[in-house]
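These notes are about the structure you will find just below.
To find a chain, count down the sequence lines: A is the first, B the second, and so on, and within it residues start at 1.
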Amino acid sequence: MSRFLGILTCLMISASVFGQIEVCSDCQFKTVPSAIESASPHDTVLVHKGIYPIHNMVITKPITLRGLNRPVLDGEDKGYIVKILSDSVSFTGFDIRRVGISHTEDYAAIYSFRADYLEISDNHLEDVFFGIRLEKSSNVVVKDNIVKGRFSREFDSGNGIHLWHCKNARVEGNDLSGLRDGIYFEFVDDSYVIANRSHHNTRYGLHYMFSNDDDYLDNYFYNNGAGVAVMFSKNIKMINNRFSHNWGTSSYGLLLKEIYDAEIKMNLFEKNTVAISVDGSSRIYYRNNDFIQNGWAIRVTGGCYVNQFTSNNFISNSFDVSYNSKLNDNLFQGNFWSSYSGYDIDRDGWGDIPYRPVKLFSYVVNRTPETIVLLRSFFIDIINFSERVTPVFTPDNLMDDQPSMKKIKW
Amino acid sequence: MVAIQEISKKYRKLEVLKDISLEFNEPGIIGILGPNGSGKTTLLKTILGMVLPDNGTIRVNGIDISKDYNYRNEIAYLPQIATFPENLSVKELLAIIRDLRAVDSKYMELVSLFGLEQFLSEKLGNLSGGTRQKVNVVLSFMCKSEILILDEPTVGLDPVSTVKLKELIKSHRDMGKLILLTTHIMGIVDELADEIVYLLEGRMVYRGFVTDLKLSTQQDSLERAIVNEIHGKDVVDLQI
Amino acid sequence: MKFTEKMWLIFKYSFKDMIRAKWIIVYLLFYLLLGFILLFLNNDLSSSVITIMNIIIILTPLIGTLFGVMFYYNSREFTELLIAQPIRRSRIFMGQYLGVSLSLSLSLVIGLGLPFLIFGLANSAEIFNFIMLIFIGMALTFSFTGLSMWISLRNSNRIKGFGYSVLLWLFFAVIYDGIFLSLLLIFENYPIDQFSLLMSMLNPIDLSRILVLIKLDISALMGYTGAVFQTFFGSNWGIVISGIMLLLWMTTPAYMMVRSSKRRDF
Amino acid sequence: MKNWLLILIVLAACEVKPVEINYGMDQCHYCSMTIVDQSHSAQYVTDKGKPFKFDAIECMFRDLRNLEIEPVMMLVSTVDEPGKLTEVSDAYFVISEKIPSPMGANLTAFTDSTEAAVYTGQIPVFKWQTMSNYLK
């Protein structure tokens, strides 16, 4: 945290100490590239209101580019708009439009390569293919930007904030919509994603691939194809996020695929087809999460070991837990289950009989997805009931032997 | 009026009517007689179009009944069992029949004849069996039709009503109607019938005028006359 | 137009006879009670719609079946009297069938509609789902009343008619889905989504259930298998086809009943 | 009725053909990701006619390793003809960071071998049969 503040302060100081060049229709510099050309390192280029057609503008020196009253950089669908190839560049206050589209080249509004200590903030990006794409750039801050894609399911949607091989990144307070993935991290370590809103994206609100030791907190993901996917990653902390309305076929709030040692705490999952879909993920700690009105709260496929589900609230989900194997190496304890029908005679706050969160039908659906067509049919109610009385197919040790009688507060 | 030509009817393997041909061209009262299961009711029901014969044709007033259901305007029917929709009143029941077909405008006289005025608003489910039978009688006699088919008309009626019914039947004959009736009570046949048709195991074994029958067998009692007549045809076990 | 007049007459009396019966009032009261209790308990219209759906798709066919059989056998003698009247048989049976199924439908509409109206349905977004639920309840009532009257017509033995009708209900309500599930599990390695679509069309109860679910929020679950159901039932084409199927399920039993009434002896 | 149903099942089962991929809707059979990339998706169809869809060629490749019976049809989308499915035997494959693929293998298919060569320069262009030499 303090490191980031340090960078910010540095950048601010640099703006005041070094020279300042202005760009406008009446200024000495009429175009942004010409101003950058004549700027010395650590100068500030102030761009006044106006429309500037720009594409493939390359920045090769550390400077501060600042828009006053939101000048517009128009890419005219011709490819990249800004390419940052230098450390310590600050880029703030611009409106950016019309990035080019290609099958083989991932054009972005703002692109960086091997450029550390960047600050990209307060920009409004519209009709982008990729929004902000940073490669092999570390100690970067991407803050308070608005990125809007083309709201299309087709190939012409890219990712909003796309980081590849980066470290110590901080993505904060951005609003991302109409993209493929709102935020995409591939090989990104030791980074934070904080308080972003990611919504109406085709694929994911936030997507981690091969990334380790990252945290994401206080984000809001809604109406995405799926909320968040965390794949092939380690040590990810997911705290206090909200996953809403990821409704749709094969949609989920959170997808965990081959991840280890994660913490999932105090998140709210509401109205998702599947709140958390877990595949081959181990040593995950789920605590104090709310699962409300989802199709599935937790859907487990593949081998998942030593996971702990404690003190969560499972309220009005069609299926609380679905499981594909008989083997259970996971702990469910002290959760609140709204469909628990047991009693608490000794009044200690915990139900006296264990709760079995896996219904036979969810087991069947997991095996043969097509059987979902029988959802809520009378026959299914009957076999669910008989399975609950005498478990045959569902893992008989998969149960919460200390279900809470009341909704858990924290 | 009614012409039955070679009709036969089988229920699965059971032959209930075998090759029966009958014609009724004059008004009068015809008693259809025979033991239980001889096919009396089935025969009447074929005329009413309720039972569809396997072979043969039935014409009413020259019209083939399998072609047009409107001929039933000319036939009134008093069924054996009187069961009616439980939750309807007598008045509503009368209205149903009145709306279905041509009805004598003076049908309320019939209602009072059988003392049914007090029950007009009563639900049919609350009526006794006898009262229901009276309603049944009213329903059939209120119809404006040339032909009356009465299946065991006196069953369940008290003696006073039976007498009234008999008078009613006679008056309808005098109006020039053809009345076909089945009964097990010989007294009624004796008293009312002009002609009898005798069925046995689905075949018509006898048809003739009551007076002729009595003459030919030299018997005063109709019952005996019939037994004699059928005896002549080698039938030993006769139940009427 | 005289024939429709006569059918109307038969309908009127059957309807009157039905709505004055004790059992139909019990049926109405049951729905009233159910509606009030459900809404009182959770005050949430949308989850009430799901609970009511679960009840409706099982109960309306059963009630339709029972009342159809009961009405047929109880009014058999009177029906015979009617058959001897100058009226076409089809009009009698259609009239009676409409009388029974519409009076049952009326109980459904009033019994569930009243509590929902009182609890503010008119202003709720659920109104469309609710109307659809009622419509489906009616469709099932018509379908199963027709089926049971048809079976009764073909069986003069009251016990047999009753038995077969209830068995048919049991078949569609439970057994069919058991067979369905087994088939899906047996053929799980085959592309079975088209097949399951077909299977769900061939059972009015399954069809109704899916039609309701697809309109509710949990429809997304149905898309779990790769969207076949959602794309089918979500498209106009699918709605039309399933609507036609449901209509066929409503009308075919009545048609079959009328058809076999023409050839039957009374 | 029963016969008819059986026939239908059999008919449906006999028909081995690929199905359309609903981009943005369908889920990868292997990694559960939503399929969006029209130039990297893949699909195979089993002998029983059941199709499985993948968001990346590497996902299909990895899934095939768990499969006991080789599928009847294997198809991939190519970068030069996105959205169209090509038989794997007709496609040319390239592993290049220049074209990232959805699951990180940077594996891309081409319909045209010269097109593939243009992109790769010194990197080898290979066929499906030798895939396992390049992709672990």
Side-chain angles (χ1 to χ4, degrees), chain B residues 9-12 16-17 41-42 44-54 60 65-66 68-89 92-93 95-103 123-125 132 135-136 139-140 143-145 147-149 151, chain C residues 1-26 67 70-93 95-96 99-100 103 153-158 259-266:
Chain B
K9 178 72 189 173
K10 260 189 194 171
Y11 288 128
R12 301 248 160 86
V16 260
L17 296 178
T41 302
T42 309
L44 294 185
K45 283 184 168 178
T46 55
I47 300 170
L48 287 159
M50 295 166 68
V51 170
L52 312 170
D54 301 331
V60 171
I65 65 163
S66 63
D68 184 6
Y69 65 93
N70 277 313
Y71 79 94
R72 290 201 283 266
N73 255 322
E74 292 310 323
I75 308 179
Y77 174 48
L78 175 69
Q80 227 175 71
I81 312 162
T83 333
F84 304 111
E86 288 189 2
N87 299 302
L88 296 188
S89 66
E92 284 168 323
L93 181 65
I96 292 172
I97 298 300
R98 199 182 53 206
D99 290 345
L100 275 175
R101 62 190 300 166
V103 159
K123 275 191 182 178
L124 285 152
R132 278 209 301 271
V135 174
N136 204 7
L139 283 182
S140 48
C143 301
K144 263 191 191 165
S145 60
I147 302 160
L148 254 171
I149 289 180
D151 200 355
Chain C
M1 288 324 281
K2 199 161 180 205
F3 62 88
T4 40
E5 248 170 60
K6 284 184 178 173
M7 186 167 93
W8 173 242
L9 184 77
I10 303 292
F11 162 72
K12 244 182 7 195
Y13 101 77
S14 310
F15 186 77
K16 266 190 210 163
D17 188 31
M18 280 290 290
I19 55 168
R20 290 179 194 164
K22 266 197 304 278
W23 286 111
I24 199 136
I25 294 171
V26 171
F67 276 81
M70 268 165 34
F71 186 90
Y72 178 81
Y73 288 111
N74 283 344
S75 60
R76 191 154 56 171
E77 281 88 17
F78 185 61
T79 307
E80 286 184 19
L81 178 65
L82 288 175
I83 286 170
Q85 307 301 322
I87 170 171
R88 208 174 277 216
R89 283 183 181 189
S90 52
R91 308 273 134 71
I92 300 173
F93 288 99
Q96 292 183 337
V100 175
S103 54
L153 247 164
R154 294 179 62 98
N155 291 282
S156 25
N157 184 327
R158 190 183 279 254
R259 217 178 65 147
S260 56
S261 80
K262 285 183 185 155
R263 290 175 305 189
R264 199 188 173 294
D265 298 310
F266 288 88

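Interatomic distance, B:Glu86 CD to C:Lys22 NZ, rounded to the nearest 0.5 Å: 8.0 Å. The OH atom of B:Tyr69 lies 13.0 Å from the CD atom of C:Gln85; values are rounded to the nearest 0.5 Å.
Only one option out of B:Asp99, B:Leu88, B:Leu93 pairs with C:Tyr13 in a side-chain contact (heavy atoms from CB on, under 4.5 Å); it is B:Leu88.
Scanning both residues, C:Arg89 and B:Val51, for their nearest heavy atoms gives NH2-N, 4.4 Å. Of all heavy-atom pairs between C:Pro86 and B:Leu100, the closest is CG-O, 3.9 Å. The shortest non-hydrogen separation linking B:Arg72 to C:Ile87 is NH2-O, 2.9 Å. Residues C:Leu9 and B:Ile96 approach most closely at CD2-O, 3.6 Å, considering heavy atoms. Between B:Arg101 and C:Ala84 the shortest heavy-atom distance is NH1-O, 4.2 Å. Nearest heavy atoms, B:Lys45 versus C:Phe266: CD-O, 3.1 Å.
Remark: B:Tyr71 engages no residue in a ring-ring contact (aromatic ring centres under 6.0 Å, His included) (not counting sequence neighbours). B:Glu92 pairs by the salt bridge (charged side-chain N to carboxylate O under 4.0 Å, His left out) definition with C:Lys16, C:Arg20, not counting sequence neighbours.
Residue C:Arg264 places its CZ atom among more than 12 non-hydrogen atoms of other residues, nucleotides or ligands, all under 6.0 Å distant.
Only the side chain of B:Leu139 comes within less than 4.5 Å of a heavy atom in chain C; its backbone stays farther off. Contacts of B:Leu78 with chain C are absent, with no heavy-atom separation under 4.5 Å from either backbone or side chain. Proximity to chain B involves both the backbone and the side chain of C:Ile83, based on heavy atoms less than 4.5 angstrom apart. Heavy atoms of C:Leu82 lying under 4.5 Å from chain B belong exclusively to its side chain. Residue C:Arg76: no heavy atom, backbone or side chain, is found under 4.5 Å from chain B. Residue B:Ile97 touches chain C through its side chain alone, counting heavy-atom pairs closer than 4.5 Å.
The most heavy-atom pairs under 4.5 Å with chain C, out of B:Cys143, B:Pro85, B:Gly125, come from B:Pro85. Per-residue counts of heavy-atom pairs under 4.5 Å with chain C were compared for B:Leu124, B:Thr42, B:Leu48; the largest is that of B:Leu48.
In this structure, the side chain of C:Arg263 does not engage the main chain of B:Leu52 through any donor-acceptor pair within 3.5 Å.
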